[in-house]
Protein chains: 2
Amino acid sequence: MKSQGLRERKKLDTRRRIEAVALDMFERGGFETTTIEDIAAAADIAPRTFFHYFPTKEDVVLADYADRLARITGALAEWPTDEPAWTALQRAFLSVAADYEIERPRLLRRFRIMAATPSVYARSLQLQAGWEDAVASVLTQRAGLVAGGDITPRLLAAAALAAMRASLGHWLAAGGKGPLPAQLTDCFDRLARGLVAG
Amino acid sequence: MKSQGLRERKKLDTRRRIEAVALDMFERGGFETTTIEDIAAAADIAPRTFFHYFPTKEDVVLADYADRLARITGALAEWPTDEPAWTALQRAFLSVAADYEIERPRLLRRFRIMAATPSVYARSLQLQAGWEDAVASVLTQRAGLVAGGDITPRLLAAAALAAMRASLGHWLAAGGKGPLPAQLTDCFDRLARGLVAG
DNA sequence: ACCGATAAATGCAGCGATTGCAACTATGCT
DNA sequence: AGCATAGTTGCAATCGCTGCATTTATCGGT
């Protein structure tokens, strides 16, 4: 529970410093215009060191995407087997959306940069595709299915991500004002009931 | 209908030559290992010229993605207003999937490279996101809605893309053997009916 | 406080994609 | 043929990113 040693603490410090500095510069000058060298200088590290903390420039904006995935798959893993998969998915994703509410300003900043920067958006989609695979894989296991046999897990995972992307897109378009969880619940419900009858 | 002038014909020739040569090399040596310089040499052009034909290396693999989107949005635009949006979407996407059937070997090659190369996959997702926006936009117009008001178009578009991605992923995982249109129809149907009752 | 082991930071050199610019060449048209 | 135009090429530079070797800082025990 403690901050471990000085080493760990410093590392975390540096990481946060890079994030803070980089986000600022991205907002002011734009993502593409800001170079790794710029960030490094502002964060008081060597350019080479940047890559010990983030694999790509894009990942600074998308830090903590991985954590969220872990939370989702974790929640799914505990899903009682008698419950419909879609309901479990809804619960799992909703818990993440709740965090979005709490961290609203922090996330809004990042999403705005993402929306304005194709390469960052592309990277986020790539990470989301990873989620999709991971979620589908968990669903497959939980249902006791064979890996490549049934398309159901893949479809459910893709649909869940679609619900999330749609909600998030709409939320962002509205400037992040409305309640995201309600929006997401609505999307999940509609997919649960079906898209034709409404 | 004619091949226009010599100029146009040569340009098309070069384009096809680049694609052919590049795909071959990607398959043999891998995407990342093959450099633009390699491709240019094999296609008998200057490295600089490559970028007059494709904006990025990834786009060689994903050529004709744009055409497909045009076909989809075109089909949507002709959708009779009394028909449910989801049905129209299904028809539009299905017509594209039919092409996939016809061009199976050609597309399979490309998808295989895509599946094996993160950066290509990322690029494809980026293009798909463009589709999602375009589709949502057409749906909004057709329904006579205001741009940012209703989340429905966004959700439908995202769901349609999800159906497509799931079908395609499953199809690819099975080595491209089965009938893609049937697979896609199934996914669309299930989303139409709802994901809980099954 | 001291010392070897280990993790982290740095510097350097290099690759490869991508771009802007200017010069050059082929094609289209009169 | 002869100009206007579109396409090709070469050149130089930027920038993200990587491998490798070196230096520096922290840790764990003594």
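Just so it is clear: chains get the letters A, B, ... in the order the sequence lines come, proteins before strands, and each one is counted from 1.
A donor-acceptor pair under 3.5 Å links the side-chain atoms of A/Arg15 to the main chain of A/Tyr53, judged by distance alone. Of the possible donor and acceptor atoms, one in the side chain of A/His170 sits under 3.5 Å from a partner among the backbone N and O of B/Gly149. Between the side chain of B/Arg17 and the backbone N or O of B/Ala43, at least one donor-acceptor pair lies under 3.5 Å.
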If a protein heavy atom is under 4.0 Å from the base, mark B; if only from the sugar-phosphate, S; if neither, -; do that for nucleotides 4-15 of chain C going 5' to 3'. --BSSBBBB---
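Among the atoms of the strands shown, none is found under 4.0 Å from any heavy atom of B/Thr33. Nucleic acid contact for A/Thr34: sugar-phosphate only, since backbone atoms but no base atoms lie under 4.0 Å from a heavy atom of the residue.
A/Asp38 places its CG atom 8 Å from the P atom of D/dC15, with the value rounded to the nearest Å. Atom-to-atom, NZ of A/Lys57 to P of D/dC15 comes out at 9 Å; the value is rounded to the nearest Å. Atom CG of A/Leu6 is separated from atom C1' of D/dA25 by 9 Å (rounded to the nearest Å). In this structure, B/Phe51 atom CZ and C/dG16 atom P are separated by 13 Å, rounded to whole Å. Taking atom CD1 of residue A/Ile36 and atom P of nucleotide C/dA17, one finds them 19 Å apart after rounding to whole Å. Rounded to an integer number of Å, the gap from A/Glu37 CD to D/dA13 C1' is 14 Å. Going from atom CG of B/Leu12 over to atom C1' of D/dG7 covers 15 Å, rounded to whole Å. At whole-Å resolution of the value, CD in A/Glu58 and C1' in D/dC15 are 12 Å apart.
Taking a cutoff of 4.0 Å between a charged side-chain nitrogen and a carboxylate oxygen, B/Arg91 and B/Glu83 qualify as a salt bridge.
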Using side chain to side chain contact (heavy atoms under 4.5 Å, CB included), reason through A/Trp86 and A/Leu191 one step at a time and then give a plain yes or no. CA-CA 9 Å; A/Trp86 187 249; A/Leu191 286 171; 3.5 Å; yes
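Classified by interplanar angle (parallel below 30°, tilted 30° to 60°, perpendicular above 60°), the ring pair B/Phe111/B/Trp171 is perpendicular.
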